[in-house]
Amino acid sequence: MTSCVGWLLDVSIDNDHVILWIKTEEGQTVKLRDPYHPGFYILPRNESDALRLIQILSREEEIAVRWEYRRTSLFDSNKQTRLIHVKLRSLRYYQSLLKKLERDRQVKQLYNTDLLHVQQYLFSKLKIEPTSRVKVEYNGSKLLEISKIDDEDDVNPPPFSLLYFDLRTYSGILASDDAIRIIKLRYGEDDVEFDNGEEKVILQQFSDYVHEKNPDIIVCMGDYDKGKVLRYLFSRAKKIGFDLRLGRDDDNDDTNHYSNTLENPRIVGRICISSNYRKTTYFDEFGFVGLIERARFGFLPLEVAAKYSINRLIDSRNCFELVQKDFVIPSKSNSSNNHEHVRTVEQIVSGDKGGMIISPQIGLHENVLALDYDSEYANLIVNHNLSYETLRLSHEARGKVVHHQPNKGLLPRIVERFLKRRVYFKRLLKELPKDSRESEWCDQRVNSLKNILVCLYGSTGSLWNRFGNVLAYEEINRLSRGVLIKTKDIVQRLGYELVYADTDSVFIKSKTGRDYNEIINTLSKETGLSISIEYHYKFLVLLPLEADEKIEVLKHYYGITFDNELVVRGIEIRRHDIPNFIKQFQTQLLCTLFDCKDSSELLTKGYENALLLVTQAIDTIMTGEGLDDKDLVISKLLRQNIEKYKSLFPHVSAAIRLSKHPLKGDTIQYIYTDSQHNNPLCRVAPIENIISESLPPYDKEKYREMVLDASETVLGFFGFDRTVYGNLKTNNDERGERRRKWRWYEEILEQRVRDIHTETL
DNA sequence: ACGTGTAAACT
DNA sequence: AGTTTACA
């Protein structure tokens with residue numbers, strides 16, 4: 001017997017065994033097996049059907065059946081129902097048995113059939129989150145004993161090693177006919193490229209590198225999802241007769257046999273995840289440590305956690321918690337979730353209002369304090385026990401919402417645990433030295449947990465949430481509005497002026513300089529929520545909506561704090577799809593405007609200097625001096641495959657004109673060359689590699705308009721008049737012209753669609 | 001398949 | 001004027 005301490009790298013199912021990979025403290029990897037017997041529950045239609053079912057099922061050698069009492073209803077958690085538990089010896093007959101029972105009229109409902117096998121094993125048997133620190137005892141490859149070593153307070157992630165991987169073909173698409181052009185790898189400080197033409201050599205170098213570095217995790221970069229990359233890689237290797245082996249036990253053939261089929265490629269013993277744009281991975285946004293948080297929250301293996309959408313991640317946590325409390329999981333297809341409540345239109349209208357906004361007092365303000373409630377929604381869920389099962393419509397009281405809460409609900413239990421965890425890391429972050437590895441990890445944990453908490457709230461009202469309950473969602477919103485109203489009253493009672501408020505933040509101002517501690521203490525005492533200072537503005541400008549000056553818009557302001565930090569919401573600087581030149585210009589504009597000691601100076605000297613800057617920026621655009629293409633380039637994400645677009649948006653036109661085949665998820669970079677051109681394809685030019693030799697001819701008018709737009713959003717309030725800067729595009733009546741344009745446009749589009757079709761074939 | 005709101009460009 | 005897309 002051997003024992004070791006390490007981290008749970010991966011858990012997966014291989015026919016009748018669970019495979020566990022442990023990364024030991026010494027840096028070794030250990031592969032262990034544990035028997036797995038899949039199971040599920042049957043609710044029979046009636047007693048005689050039950051007996052018949054048991055009789056039939058127990059005849060099979062592969063199947064063991066027995067009665068078990070389990071909770072079936074989240075709403076009635078005290079009720080235990082007698083169910084038939086079916087346990088199979090192996091996975092071999094699992095699917096066919098399930099199919100048969102789904103059609104069987106003696107079966108009223110099946111439970112736990114929606115869970116992945118790995119979830120079944122993790123929730124019911126192992127009860128240790130993947131990535132946890134563990135102590136294991138084993139004999140050969142047989143797992144004898146495993147226990148969790150508590151590492152919940154550790155910022156350091158498990159010492160898993162990562163290999164970043166990127167692949168390009170000549171054509172840009174991943175069809176097995178296309179040859180591999182280049183493989184790029186990054187491992188620690190190491191950055192390598194294999195691109196010397198001969199494909200077999202590239203693959204050999206790649207395979208050698210993987211075996212030499214022996215990474216635990218392979219991150220597929222680029223625009224494809226990992227399944228596609230691996231499928232391509234293995235099918236391409238097969239096609240050119242290269243035996244590509246990247247796994248950890250390639251000589252041990254029995255596992256490869258099952259896991260590395262071309263339909264569902266896996267690399268044995270390593271985690272393979274993709275880091276593409278899709279919201280489903282979050283790898284870029286929250287980093288590797290953020291992914292660890294997700295895996296632990298979802299109680300899922302890393303690979304699954306990386307692939308799962310937030311909805312499925314939350315569902316997995318919900319199911320884990322429920323399984324611990326002897327619940328069984330209804331299948332999604334026939335689970336009557338809480339959306340079936342039929343309500344009248346009035347009930348919906350009165351219930352469903354999101355966060356509340358108190359209109360901003362448009363214009364320039366001095367000395368404004370911005371206060372934010374910390375994780376308001378999460379705290380409301382915990383404080384008021386708002387859960388999927390605690391809110392329902394009362395039939396007696398004709399559709400009134402009642403809050404029924406005998407015990408702490410499922411949602412508050414989960415939210416509380418991860419809220420505490422986030423608070424812990426947030427405190428720790430303040431103590432850690434800036435720019436240290438630890439602080440970066442801590443930051444990733446904090447951000448990932450924040451995202452999870454926000455989504456826990458958001459998904460309560462989601463149709464796709466198995467346990468979702470709109471009533472809970474609406475109740476959270478209702479309470480948050482109540483908090484804001486209370487806040488407004490307190491602020492005004494204490495003699496402050498409220499200039500703006502939006503869901504969980506308030507902007508307040510007092511004419512005399514005073515200590516703000518009083519209001520912070522009063523607010524947290526009277527609302528039961530913790531509130532903190534977000535910014536203390538020297539100057540703050542609240543903006544009106546451009547389209548209609550009477551309707552104020554939310555999250556649309558800019559200011560500068562007493563620490564000289566610019567804060568900007570909702571205007572051009574914040575957007576990704578705005579050229580750098582415009583962003584830089586607007587930033588400079590704000591700095592110039594705010595470089596004043598008080599508001600009267602700002603309104604005169606500050607504003608005049610800003611106007612000067614506008615003139616300069618327009619000059620730069622018109623002459624092109626000192627500009628290069630990266631200043632003018634606009635980046636936009638291609639959200640769908642090019643064939644799907646019905647309209648030729650600028651970025652779509654640019655994508656079509658790209659030399660390589662554009663794919664969904666690509667970031668398209670382009671500049672405007674002639675924004676008024678009849679043919680949408682001629683309006684823009686794609687920029688393929690940012691540092692080109694010369695600045696291409698660009699649409700000066702268009703970029704000047706952008707400068708003026710950016711100036712207007714910032715200076716509009718101060719009386720900025722764009723017409724001073726020369727002729728606006730006048731509405732020359734070109735009606736006939738327009739009609740002609742349209743017809744032409746349609747022809748191009750059709751032609752383009754045909755071209756694309758032939759290209760992809 | 002977390003929610004809602006808004007602007008810009010296309011039809 | 002209404003719809004689609006992307007972003008916050």
Side-chain angles (χ1 to χ4, degrees), chain A residues 277-280 282 285 294 297-298 308-315 317-318 332 337 339 352-357 377-378 381 388 411 415 450-470 472-474 476-477 480 502-504 543-548 551-557 568-578 634-640 642 644-655 664-665 667-668 670 672 675-681 683-684 702 705-706 709-710 712-713 738-739 741-746 748-749:
Chain A
Y277 80 98
R278 292 171 315 151
K279 282 255 171 99
T280 46
Y282 294 83
E285 221 178 318
R294 283 173 75 86
F297 171 82
Y308 264 18
S309 70
I310 191 70
N311 184 44
R312 296 174 89 181
L313 201 73
I314 289 171
D315 186 50
R317 169 53 69 167
N318 286 336
K332 235 176 190 171
N337 80 359
H339 292 284
D352 186 31
K353 279 177 252 161
M356 190 172 74
I357 299 145
Y377 284 27
I381 288 168
Y388 310 118
L411 181 64
V415 169
K450 181 182 180 165
N451 175 262
I452 289 168
L453 286 166
V454 167
C455 292
L456 274 166
Y457 148 72
S459 66
T460 51
S462 166
L463 278 157
W464 311 112
N465 185 341
R466 193 197 303 266
F467 306 106
N469 181 347
V470 227
Y473 179 75
E474 289 169 357
I476 301 164
N477 287 332
S480 102
D502 174 11
T503 39
D504 60 351
L543 297 169
L545 182 65
E546 272 171 79
D548 187 346
I551 304 165
E552 296 81 7
V553 75
L554 66 162
K555 296 174 187 87
H556 201 153
Y557 58 83
V568 159
R569 291 292 125 86
I571 69 173
E572 281 85 348
I573 303 177
R574 272 270 164 156
R575 298 181 63 99
H576 300 311
D577 58 341
I578 290 289
I634 295 163
S635 324
K636 254 192 184 152
L637 217 57
L638 199 66
R639 284 288 172 111
Q640 41 189 336
I642 202 83
K644 285 231 184 146
Y645 280 92
K646 296 187 194 86
S647 320
L648 280 177
F649 292 102
H651 68 296
V652 178
S653 298
K664 127 171 146 181
T667 301
I668 308 297
Y670 62 91
Y672 280 102
S675 64
Q676 300 292 306
H677 199 286
N678 289 346
N679 181 349
L681 289 168
R683 291 177 193 163
V684 295
K702 178 71 182 172
E705 287 301 314
M706 285 192 209
D709 284 341
E712 206 168 30
T713 46
R738 268 207 161 172
R739 210 140 297 238
K741 277 185 206 169
W742 276 28
R743 290 202 54 83
W744 190 17
Y745 166 83
E746 280 156 15
I748 306 159
L749 187 60

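We name chains A, B, ... by the order of the sequence lines, and we start the count at 1 in each one. Basis for what follows: all heavy atoms, side chains included, without hydrogens, waters or symmetry-related copies.
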Non-neighbouring partners of [X] that pass side chain to side chain contact (heavy atoms under 4.5 Å, CB included), sequence neighbours left out:
X        : answer
A:Asp315 : A:Cys319, A:Arg466, A:Phe467
A:Lys702 : A:Tyr672, A:Ser675, A:Asp699, A:Met706
A:Asp504 : A:Tyr373, A:Glu376
A:Ala655 : A:Leu638, A:Ile642, A:Pro662, A:Ile668

How close or far is atom C1' of B:dC10 from atom NE2 of A:His677, stated in whole angstroms?
-> 18 Å
Atom CD1 of A:Ile634 to atom P of C:dC7: distance rounded to whole Å?
-> 12 Å
Let's see if you can work this out: which of [options] has an atom nearest to the side-chain heavy atoms of [X]?
X        : options             : result
A:Cys455 : B:dC2, B:dA1, C:dC7 : B:dC2
A:Lys702 : B:dC2, C:dC7, B:dA9 : B:dA9
A:Tyr473 : C:dC7, B:dG3, B:dC2 : B:dG3

Under 4.0 Å between a side-chain N/O of A:Ser309 and OP1 or OP2 of B:dC2, yes or no?
-> yes
If only side-chain N and O atoms of A:Arg683 are considered, is one of them under 4.0 Å from the OP1 or OP2 phosphate oxygen of B:dC10?
-> yes
Give a yes or no answer on whether the side chain of A:Arg569 reaches the backbone of A:Tyr557 with a donor-acceptor pair at less than 3.5 Å.
-> no
Residues which pass side chain to side chain donor-acceptor pair (under 3.5 Å) with A:Arg317, listed by chain and number, not counting sequence neighbours = A:Glu321
Please write out the pairs of protein N or O atoms and N or O atoms of nucleotides 1-5 of chain C separated by less than 3.5 Å, giving the distance to one decimal.
residue	atom	partner	partner atom	Å
C:dT5	OP1	A:Gln640	NE2	3.0

